[in-house]
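Just so it is clear, the values below take in all heavy atoms, side chains as well, and ignore hydrogens, waters and symmetry mates.
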Amino acid sequence: MAKVGINLIPGEEKASFEVIDLARRIKFYASILVIAFLVTLMACFVVFFRVNSHLNNLLQKISLTEAKIKSYQSPETDLVIVKDRLTQAGKILKKQERKIEVLNKIKAVAPPQVIFETIESGEKGGLLITVSSSNLLALHQFIKDISDPEFAKDFRFAQISSVSRSETGIYSFIFECAF
Amino acid sequence: MRKVEIIKIRWRLFVIPLLTIFFTVVSVFLVLIPRVKMILQLNSQVRESEKRLGRLTAKAADLEGLDAVALKERRDFSLRVVPQTKNVMEFVTLFSNLAQNSQVYLSSLEVSPGDISTQSGIVTSPEGLEILPFEVIVEGTRERILDFISQVEKSIPLMSVRLFKIAEGGGAARAQLRAESYVAPLPKNLGKIDSPLVKLSQEDEEVFKLLENFKTYEVGWTSTPASFSGRTDPFSF
């Protein structure tokens, strides 16, 4: 059998109970909020002090290590200088090596009658060689050899200019190449 | 009158919890959030400090393993290979000795050091270093001259031959040589605590070994004994 609920509280009193109930609920949520806030704040303080002390500990270790590194400043400076100078020297030697390689390559195809009068290194890794000979045939052979595509493949460019003959019968030309 | 009393009672019931909620929310913004931000900031500082400590510890360990005496010797040698100042007399000594060793006659030696400080150098080499140019004229047999030329590029301080002009006549040869030596200031990041420790590569070691075989002469040192005569004080008459 269904129960029949009969509210005997007068209408005015009923409204006041609802208000009190709402007030209680708000009070409850406010308490929860305050407790949650305080717990979080406490947790924050604990974490803050722990992290802060860890950081101080780290900073102390860093300053100790810095002092240790400072005591080795002289060998470190020496090492930096050595490294710098060896790097510079390495670059210079590499360029010299390349220049000698190219010169040897040119020299290898030059007949004995051919003379390199002037050898000049250019600013951007090029070579300018004044070649001369009284033997036209030897000079012709040399020009033929250095004009060969197989020979010139290692150069960025290779060109011959100022071919001339002097009063004394010496033939000469300028061979310019970049590598 | 009764209604006013009821409103007063109801207001009292609500005001305390609502004020509590209000002040708690305000405190979250004024106290809690800045505190959390501070913790996050501290945390990132801790992470950075841990990384830095790791780097510094590794660097300190590497530094401990260095041989300070050997390094000092290497530094002195390296600073002779590419010096930081233009020591003209060192090159004069070098060319004189090389000529004597190669048995050629050094008929002319011209050096134009210009500004002797490396800080305001004007002329630079293709390698980006400041240069000290030389003009040398040597006489001798072709073979001796070629030997002299090859020795120039195998000497310390390092030099490069930029121009070589040879003229032959009557069994003798005369060669004009334009060479340049290099000068560079000291590196700028010397001994900074946080900079990583440089390490010599295999290539650097090979270069060092190669340079050790190069010829070097002390200033004033000559292959043959020098004789002194005349005035010794340039200011006395």
Side-chain angles (χ1 to χ4, degrees), chain A residues 16 19-20 22-23 26-31 33-34 37 40-41 44-45 47-48 51-52 54-55 58-59 61-62 65-66 68-70 72-93 95-96 99-100 115-121 123-125 130, chain B residues 6 10 13-14 17-18 20-21 24 27-28 31-32 35-36 38-39 42-43 45-46 49-50 52-53 56-57 59-60 63-64 66 68 71-72 74-75 78-79 81-82 126-127 129 153 158 160-166 182 184 186-187 189-191 193 197-198 200 203-204 207-208 210-211:
Chain A
S16 117
V19 169
I20 290 166
L22 181 68
I26 290 172
K27 203 175 166 183
F28 173 74
Y29 290 130
S31 308
L33 196 68
V34 168
F37 170 74
T40 316
L41 195 64
C44 272
F45 272 110
V47 172
F48 175 79
V51 173
N52 201 29
H54 183 47
L55 182 65
L58 279 172
L59 292 176
K61 279 183 187 169
I62 284 173
T65 319
E66 277 179 349
K68 197 174 175 184
I69 290 171
K70 268 185 190 167
Y72 287 104
Q73 202 168 21
S74 176
E76 190 192 354
T77 307
D78 291 349
L79 187 66
V80 173
I81 293 171
V82 171
K83 173 78 181 172
D84 175 68
R85 288 314 196 244
L86 290 180
T87 309
Q88 308 281 19
K91 280 186 205 164
I92 296 165
L93 291 175
K95 282 207 170 174
Q96 287 180 358
K99 188 178 72 184
I100 290 165
I115 297 166
F116 296 163
E117 272 185 14
T118 311
I119 301 169
E120 191 171 2
S121 317
E123 289 292 304
K124 289 171 185 170
T130 311
Chain B
I6 290 168
R10 284 181 183 175
L13 277 172
F14 283 101
L18 283 175
T20 309
I21 290 170
T24 311
S27 301
V28 164
V31 181
L32 203 62
R35 193 61 53 178
V36 169
M38 205 183 277
I39 289 169
L42 273 179
N43 241 337
Q45 270 183 41
V46 164
S49 299
E50 276 173 344
R52 187 162 179 245
L53 181 64
L56 293 178
T57 311
K59 186 177 175 177
L63 281 169
E64 268 180 324
L66 292 177
L71 254 178
K72 197 173 183 306
R74 279 189 165 202
R75 183 206 61 186
S78 303
L79 283 175
V81 172
V82 181
E127 291 83 9
L129 299 167
E153 286 197 343
L158 266 187
S160 291
V161 176
R162 290 281 171 218
L163 174 80
F164 165 62
K165 205 181 249 182
I166 192 160
Y182 304 91
L186 290 179
N189 59 339
L190 281 178
I193 288 175
L197 188 68
V198 291
L200 296 181
E203 201 180 340
D204 294 329
V207 169
F208 188 80
L210 196 69
L211 289 169

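- Of the listed residues A/Ile62, A/Thr87, A/Thr65, the one with more heavy-atom pairs under 4.5 angstrom with chain B than any other is A/Ile62.
- To the nearest 0.5 Å, the span separating CD1 on B/Ile21 from OH on A/Tyr29 amounts to 10.0 Å.
- One distance of note links CZ of B/Arg162 with CD1 of A/Ile119; it measures 14.0 Å at 0.5 Å rounding.
- Note: A/Glu76 CD to B/Leu197 CG = 5.5 Å, rounded to the nearest 0.5 Å.
- Looking at B/Ile166, both its backbone and its side chain come within 4.5 Å of chain A, counting heavy atoms on both sides.
- In B/Glu203, the CD atom is not crowded: 12 or fewer heavy atoms of neighbouring residues, nucleotides or ligands sit closer than 6.0 Å.
- The candidate with the highest count of non-hydrogen atom pairs below 4.5 Å against chain A, out of B/Val207, B/Leu63, B/Asn43, is B/Leu63.
- Applying the side-chain hydrogen bond (donor to acceptor under 3.5 Å, both in side chains) criterion to A/Lys83, with sequence neighbours excluded, gives B/Asp204.
- No part of A/Phe28 comes within reach of chain B, as not one of its non-hydrogen atoms sits under 4.5 angstrom from that chain.
- Taking A/Asp78, A/Asp84, A/Thr118 one by one and counting their heavy-atom pairs under 4.5 Å with chain B, the maximum is reached by A/Asp78.
- In terms of heavy-atom proximity, B/Leu71 sits nearest to A/Pro75 at CD1-O, 3.5 Å.
- Other residues, nucleotides and ligands contribute over 12 non-hydrogen atoms within 6.0 Å of the CZ atom of B/Phe14.
- For the atom pair OG1 of B/Thr57 and NZ of A/Lys61, the computed distance is 8.5 Å after rounding to the nearest 0.5 Å.
- For the salt bridge (Lys or Arg N to Asp or Glu O under 4.0 Å) test, residues two or more places apart in sequence or in another chain that qualify with B/Glu153 are A/Lys99.
- Counting heavy-atom pairs under 4.5 Å between each of B/Leu163, B/Leu200, B/Thr20, B/Leu66 and chain A puts B/Leu163 at the top.
- Expressed to the nearest 0.5 Å, how far NZ of B/Lys72 lies from OG1 of A/Thr77 amounts to 12.0 Å.
- The residue among A/Thr130, A/Asn52, A/Leu59, A/Ile100 with the most heavy atom pairs within less than 4.5 Å of chain B is A/Asn52.
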* **Criterion side-chain contact (heavy atoms from CB on, under 4.5 Å) on A/Val82 and B/Val198, from CA distance to verdict** => CA-CA 10 Å; A/Val82 171; B/Val198 291; over 6 Å; no
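- Heavy atoms closer than 4.5 Å to chain A are found in the side chain of B/Val81, but not in its backbone.
- If you measure heavy-atom distances from A/Lys27 to chain B, the contacts under 4.5 Å come from both the backbone and the side chain.
- Looking at A/Leu33, the atoms closer than 4.5 Å to chain B (heavy atoms on both sides) sit in the backbone and in the side chain alike.
- Ranked by heavy-atom pairs under 4.5 Å with chain B, the first of A/Val51, A/Leu79, A/Ile26 is A/Leu79.
- With hydrogens and angles ignored, the 3.5 Å screen pairs a side-chain donor or acceptor of A/Ser121 with a backbone N or O of B/Val161.
- Atom CZ of A/Phe45 is separated from atom CD1 of B/Ile39 by 9.0 Å, given to the nearest 0.5 angstrom.
- Within the 4.5 angstrom heavy-atom criterion, only side-chain atoms of B/Leu158, from C-beta onward, approach chain A.
- Between the side chain of A/Arg85 and the main chain of B/Leu79, no donor-acceptor pair closer than 3.5 Å is present.
- Both the backbone and the side chain of A/Leu22 come within contact range of chain B, judged by heavy atoms closer than 4.5 Å.
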